[in-house]
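Scroll down for the structure; my scribbles are underneath it.
Everything quoted here is computed from the prediction, not taken from an experiment. Heads up: numbering here begins at 1 and tracks the sequence. Hydrogens, waters and symmetry mates play no part in the numbers below; they use all other heavy atoms, side chains included.
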Amino acid sequence: MAWLKELFGGLRSKIRSRDKKGDLAAIQDIGQREAFIRDLKLTDNLNENIKTIGELYGNSPDLIFRHFRVGAAQIPGALLCLDGMVAPDRVEEILKALEIEAQRISVQLPKGEGLLASIEDGLLPSHQVQRSALLGEICHRISSGETALLFAGVGQSLICDTSGFATRSIEEPTSETTIRGPRVGFIESIETNITLLRRRIKTPNLWIENYQVGDLTQTQLSLVYIKGLASEELLTEVRSRLKRIRVDGVLESGHVEEYIEDTPFTLFPMVLRTERPDRVVGNLLEGNVALLTDGTPFVMTLPAKFVELLQSPDDYYDRSPIGSLTRFLRFAAYLISILLPGIYVATINFHHELIPTTLLLRITAAREGLPFPVVVEALMMELAFEILREAGVRLPQAIGPAISIVGALVLGEAAIRAGIVSPIIIIIVALTAISSFTAPVYSIGISARILRFFFIALGGAFGLFGMQAGILLILIHLCSLRSFGVPYFAPLGPLIWASWKDTFIRMFFWDLTTRPKLTGFREPQRAKSGQMPGIQRGEKGEEE
């Protein structure tokens, strides 16, 4: 009686499966289609499985079906893949193993479930091979560039890794150029990006966790960290935030960033986005974690701190005095890009006594007859320059920089000749723009561009006292921010003296013996003490 129940139960499940597949064409809503496909399973009828997968893809022309027969019993089979997503040589290698090798060695293949084990162990090349009976998973793997093998009389498929779609070659990132350092940047392939990290951190403790985000795009995210160095609290928090994401599609890492950041209502970036593998490796070695998104060359490192966004890889590739000088100039330029126009407006409107008499007379003479007050003049020229900069970015690369430079020169000269603005405001705007270009991370430079208008308004309304109040508000806001539980303004707020060796200046490497306290506390020592070079120290080391 038991075998009769199994027989009728199997027949009922096949009938229900056929009825469900017959209703697929009537379902129009994407949510219902996704839920419907998720429950579908393969049957032991090869032709029915091929027809169902074809209907799922709408019989798309890039969906390839290759029929073959395998073994001495000539068991029918079919190979399914998407044209352009697979490497043709790998697909041909699989077909050769199934059709030619099986006949050459006269393999007697069993039927049913034993067929998959025999093919997987004895015929297929050493590519990654997995089994699956769910049509939703099979379609996802096919859409990712893998190949599915179906056989008659078997309700499961073999899925082989044959991905080989065209990708961009590895080259230097254009958004983060350096004078000295590696000329290697991330690309849109997440597998290649992981390999770039593996080449620099050659330890099995570099762990990688994969996630699928997006119901329709099913974008792969990879959480990368060094086991034993990154804190478990940080990893738990990152995992929980990634698992909470429920969205139709993820096209770029910026989509993920807005779902996982601590404070969305702020102008400052809460994660560090970079195209440079060396920068990601440096953060991993300090106890941070990295988040890679398939389809984009920008990798996020977590948590982020404000001072890190103004540090460049060049600071660590040059000697300590040179790196410290350029870093200090970069911090000063960032403040200039935010405060200089506001200070000019506040001084001209309220604090004439701070300007030397000769310079004040020249400024007054140059402003004589101008139709607008100084605050309107500054806002107007800053807005014009921002429009020119945005136009230069959107234009083709061959003419974009030329248009922005020529446009700024022509516009400034024409505005002065027309008597709309004074020459001094052109100098102020130009110096501010040049200072803003020193920001090594694009996202932190955008915050300076927005805050500039805020301080111009404060300086025009309340003078330097208003600007002081604005600076205090910004500092309070920065001290209140957290990035995955880590103070965003550290080591300035809270004050951590031990981390000042790598904040405004960059000390010698032999003096940077400890990791940052907030992220590298699990293994604080990263270098042996007492390695300062010198003749006496070298002789002592040789004697020992």
Side-chain angles (χ1 to χ4, degrees), residues 128 137 140-141 144 161 163 185-215 217-247 249-264 269-305 308-309 441 443 482-486 488 515-516 518-523:
Q128 183 178 0
E137 181 182 357
H140 168 66
R141 304 291 288 275
S144 300
D161 184 11
S163 57
F186 291 118
I187 63 173
E188 288 73 15
S189 173
I190 193 170
E191 292 83 6
T192 304
N193 295 340
I194 292 175
T195 303
L196 292 176
L197 297 179
R198 289 282 190 192
R199 291 179 58 186
R200 287 164 174 78
I201 304 179
K202 301 179 178 65
T203 172
N205 291 314
L206 181 64
W207 285 21
I208 299 171
E209 300 177 8
N210 290 335
Y211 297 85
Q212 298 290 339
V213 179
D215 295 336
T217 60
Q218 298 185 13
T219 306
Q220 179 182 341
L221 302 180
S222 293
L223 176 63
V224 183
Y225 59 94
I226 298 179
K227 182 63 175 178
L229 192 55
S231 68
E232 294 298 328
E233 294 80 6
L234 173 61
L235 293 172
T236 302
E237 183 65 23
V238 174
R239 294 187 189 111
S240 64
R241 296 188 189 188
L242 290 177
K243 292 177 181 178
R244 288 200 304 263
I245 299 177
R246 294 292 183 269
V247 65
V250 171
L251 304 180
E252 212 271 340
S253 58
H255 293 188
V256 181
E257 178 183 349
E258 291 195 8
Y259 280 100
I260 64 175
E261 61 185 357
D262 292 65
T263 307
M270 301 306 297
V271 300
L272 172 61
R273 288 173 289 177
T274 179
E275 291 185 83
R276 300 190 62 88
D278 54 342
R279 190 159 196 170
V280 175
V281 169
N283 279 270
L284 292 176
L285 294 175
E286 291 185 348
N288 295 354
V289 301
L291 193 61
L292 284 69
T293 306
D294 193 19
T296 176
F298 288 93
V299 174
M300 297 182 290
T301 61
L302 319 168
K305 293 191 285 291
E308 292 179 349
L309 300 173
V441 178
S443 55
R482 295 291 184 273
S483 178
F484 291 85
V486 176
Y488 183 69
R515 292 185 174 88
L518 296 177
T519 56
F521 58 88
R522 296 192 66 178
E523 190 68 33

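- Remark: Leu291 CG to Tyr211 OH distance equals 9.5 Å, nearest 0.5 Å.
- The shortest non-hydrogen separation linking Ser253 to Thr296 is N-CG2, 3.9 Å.
- Interatomic distance, CD of Glu252 versus OG1 of Thr219, reported as 10.5 Å (0.5 Å rounding).
- The line from CG of Leu242 to CG of Leu223 is 6.5 Å long, rounded to the nearest 0.5 Å.
- Listed by first and then second residue, the salt bridge (charged side-chain N to carboxylate O under 4.0 Å, His left out) pairs involving residues 194-209 are Glu209-Arg239 (not counting sequence neighbours).
- Note that the CG atom of Asn205 and the OH atom of Tyr225 stand 10.0 Å from one another [nearest 0.5 Å].
- In terms of heavy-atom proximity, Gly287 sits nearest to Leu234 at O-CD2, 4.1 Å.
- Arg522 places no side-chain N or O within donor-acceptor distance of the main-chain N or O of Thr519, the cut-off being under 3.5 Å.
- Looking at Asn193, its side chain does come within 3.5 Å of a backbone N or O of Ile187 through a donor-acceptor pair.
- Between Phe521 and Ser231, the closest heavy-atom pair is CZ-CB, 3.5 Å.
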Run Leu272 and Leu309 through side-chain contact (heavy atoms from CB on, under 4.5 Å) and show every step you take.
CA-CA 7 Å; Leu272 172 61; Leu309 300 173; 3.4 Å; yes
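- Side chains of Leu229 and Arg515 form a contact here, defined as non-hydrogen atoms less than 4.5 Å apart.
- The CD atom of Glu191 lies 6.0 Å from the OG atom of Ser163; values are rounded to the nearest 0.5 Å.
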Audit row: Thr301, Glu308, side-chain contact (heavy atoms from CB on, under 4.5 Å) steps and yes/no:
CA-CA 11 Å; Thr301 61; Glu308 292 179 349; 5.7 Å; no
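- Side-chain atoms of Ser483 come within 3.5 Å of backbone N or O of Ala304 as a donor-acceptor pair.
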Take Tyr259 and Val247 through the side-chain contact (heavy atoms from CB on, under 4.5 Å) test and state the conclusion after the steps.
CA-CA 10 Å; Tyr259 280 100; Val247 65; 3.5 Å; yes
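- Legend: salt bridge (charged side-chain N to carboxylate O under 4.0 Å, His left out) pairs involving residues 273-290, not counting sequence neighbours, sorted by first then second residue: Glu176-Arg279, Glu257-Arg273, Arg276-Asp278, Glu286-Arg526.
- For the pair Val299 and Val224, the minimum side-chain heavy-atom distance is 4.5 Å or more.
- Dense packing is recorded around CD of Glu232, with more than 12 heavy atoms of other residues, nucleotides or ligands lying under 6.0 Å away.
- For Ile190 against Thr293, the heavy-atom pair with the smallest separation is CD1-C, 4.2 Å.
- Residues Ser222 and Ile208 come closest through the heavy atom pair CB-CG2, 4.0 Å.
- Here the shortest heavy-atom pairing between Asn288 and Ala230 reads O-CB, 4.4 Å.
- Between the CG atom in Leu221 and the CD atom in Gln212 there is a gap of 8.0 Å [rounded to 0.5 Å].
- For the side-chain contact (heavy atoms from CB on, under 4.5 Å) test, residues two or more places apart in sequence or in another chain that qualify with Arg241 are Glu237, Arg244, Ile260, Asp262, Phe484.
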